[in-house]
Amino acid sequence: MLGPVILAASRSDRMRRLISAAPVTKQVVDRFIPGETVDDIVPIIEDLTGRGLELTMDVVGEDITTPEQATAARDAYLQLIDRLKPLGLGEKVEMSVKLSMFGQALEGGHELALANVRPVVEAAAAIGTTVTLDAEDHTTLDSMFAIHEELRKDFPKTGCVIQAYLFRTEDDARRLAASGSRVRLVKGAYKEPAEVAYQQKHEIDKAYVRILRILMEGEGYPMIGSHDPRLIAIAQELAHRAGRKLDEYEFQMLYGIRGEEHLRLAAEGHRMRVYTAYGTDWYGYFMRRLAEKPANLRFFLRSMVSKG
């Protein structure tokens, strides 16, 4: 399987230098990351929301090694929120954050990440929107869930992400599927050992459906993070069986992948949110997009051949 190989490359400085230097890379990266600055991204936000889509914004960057870098990550999100305020889009544009960017892996990282993310959640609430805490590798999840629980005391719409390939996730879903919760379910995009995660696609898909059923039958707000047509159809059926209205769940897909499907679901009345990343530290995010789906890797390799 190529996925684990690509994920290993995402942590390699040598591969980072090689891929970053390839002339075709920027053209391909632009498919998934449509800008580097807030000025780049505001027109994208206005265009997508104007077409009936909603967004969750991610300022890319995870390899934080100092508290100063964590503070800079916080400030980047605050700058984004400041630019969103006059647009008056409310919950049409939320934020997604990785706690690693806020210093979670540093000494005293749990408290540091909480201290850095809280002002972002406060600022988001002040303009009528919210924040979702992204899931990272399994060693970070207890901290993430604890921070999520703490933030929800004051900001109950704060969301979190769970990953279908982890054995623990069905129990997490039962705990989280409570009134007022917002939970995004994804398959998972980190290299995890067999001791904690399913390794085969068919096992992950079956787990995804089991967990999605728990969320749909619960009292929270499910967010279906998938590009898989079969899983999207299953999600619609599970929502129907659970008696959910179209505004009681949403689909989420990545910017640059299946754009026509985004518009189709929105046209049918579904809430369709596009996960849109921007920033200069794009390498780790880009490599996980290649690892998640063979078609993405084929697109990159074809581009390298045709432009080489």
Side-chain angles (χ1 to χ4, degrees), residues 30-35 37-60 77 80-97 123-132 134 157-159 161 180-187 212 215-216 220-240 242-279 285 289 292-293 295-296:
D30 286 347
R31 171 181 174 176
F32 303 107
I33 303 175
T37 69
V38 174
D39 288 338
D40 293 335
I41 212 69
V42 166
I44 303 294
I45 292 171
E46 293 176 318
D47 175 57
L48 293 178
T49 55
R51 290 194 276 170
L53 300 170
E54 302 181 29
L55 288 84
T56 184
M57 304 301 303
D58 175 11
V59 183
V60 292
Y77 274 97
L80 170 63
I81 292 168
D82 188 60
R83 289 294 299 275
L84 289 174
K85 184 176 181 179
L87 301 183
L89 294 171
E91 290 186 358
K92 287 179 181 282
V93 184
E94 66 153 33
M95 261 49 67
S96 281
V97 304
I127 67 166
T129 189
T130 189
V131 171
T132 294
D134 276 333
K157 290 187 177 181
T158 304
V161 177
S181 69
R182 298 172 61 256
V183 182
R184 181 196 305 150
L185 174 62
V186 300
K187 288 186 179 181
L212 184 56
L215 296 178
M216 286 293 188
Y221 180 78
M223 301 180 282
I224 303 104
S226 178
H227 306 94
D228 187 327
R230 187 173 63 88
L231 291 179
I232 290 167
I234 290 171
Q236 291 173 307
E237 177 60 25
L238 290 175
H240 175 73
R244 287 184 176 266
K245 300 175 182 177
L246 291 181
D247 63 352
E248 293 177 339
Y249 62 98
E250 69 182 48
F251 292 101
Q252 294 193 7
M253 299 185 193
L254 296 170
Y255 181 92
I257 300 179
R258 302 197 72 205
E260 291 183 359
E261 182 70 355
H262 303 176
L263 296 172
R264 183 188 72 81
L265 288 167
E268 290 182 355
H270 292 285
R271 295 191 70 180
M272 174 64 232
R273 194 177 298 274
V274 184
Y275 190 108
T276 306
Y278 74 98
Y285 178 89
R289 301 295 77 79
E292 282 174 348
K293 191 175 180 183
N296 295 339

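Side chains are part of it too, since the values below use all heavy atoms of this structure and drop only hydrogens, waters and symmetry mates.
Side-chain contact between Leu48 and Glu54: absent, with no pair of heavy atoms (C-beta onward) separated by less than 4.5 Å. Side-chain contact between Leu231 and Ile224 is absent, with no heavy-atom pair separated by less than 4.5 Å.
Taking every heavy atom of both residues into account, Ala235 and Leu212 meet most closely at CB-CD2, 3.6 Å. Minimum heavy-atom separation, Leu254 to His227: N-NE2, 2.9 Å. Arg244 and Gly220 make their closest contact through NH2-O, 3.0 Å (heavy atoms, listed as atom of the first residue, atom of the second, distance). Taking each heavy atom of Leu265 and Met272 in turn, the nearest pair found is CD1-SD, 4.0 Å. Nearest heavy-atom pair, Ala277 versus Val60, reported as atom, atom and distance to 0.1 Å: CB-CG1, 3.4 Å. Here the closest heavy-atom approach between residue Leu55 and residue Leu53 is recorded as CD1-O, 4.3 Å.
Rounding to the nearest 0.5 Å gives a distance of 9.5 Å between CD1 of Ile41 and CD1 of Ile33. To the nearest 0.5 Å, atom CZ of residue Phe251 and atom CD1 of residue Ile232 are 6.0 Å apart. The NZ atom of Lys85 sits 14.0 Å away from the OG1 atom of Thr129 when rounded to the nearest 0.5 Å.
Using modelled atom types and a 3.5 Å distance limit, the side chains of Tyr221 and Arg271 yield a donor-acceptor pair. A side-chain donor-acceptor contact under 3.5 Å links Tyr275 and Asp134.
With sequence neighbours left out, Tyr77 forms a ring pair (Phe, Tyr, Trp, His ring centres under 6.0 Å) with Phe102. Not counting sequence neighbours, Thr158 has no partner by the side-chain hydrogen bond (donor to acceptor under 3.5 Å, both in side chains) test.
Although no hydrogens or angles enter the test, the distance criterion places no donor-acceptor pair under 3.5 Å between the side chain of Arg273 and the main chain of Thr56.
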### Task
Please lay out, stage by stage, how Val93 and Met57 fare under the test side-chain contact (heavy atoms from CB on, under 4.5 Å).
CA-CA 7 Å; Val93 184; Met57 304 301 303; 3.6 Å; yes
### Message
Determine whether Arg184 and Glu250 satisfy the following criterion, salt bridge (charged side-chain N to carboxylate O under 4.0 Å, His left out), listing intermediate values before the conclusion.
### Response
CA-CA 9 Å; Arg184 181 196 305 150; Glu250 69 182 48; over 6 Å; no
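The residue from Thr132, Leu80, Thr130 that alone fulfils the side-chain contact (heavy atoms from CB on, under 4.5 Å) condition with Met95 is Leu80.
Salt-bridge annotation for Arg51 and Glu46: absent, with no side-chain N of the basic residue lying under 4.0 Å from a carboxylate O of the acidic one. Between Arg264 and Glu268 there is a salt bridge, since a side-chain N of the basic residue sits under 4.0 Å from a carboxylate O of the acidic one.
More than 12 non-hydrogen atoms from other residues, nucleotides or ligands lie less than 6.0 angstrom from NZ of Lys187.
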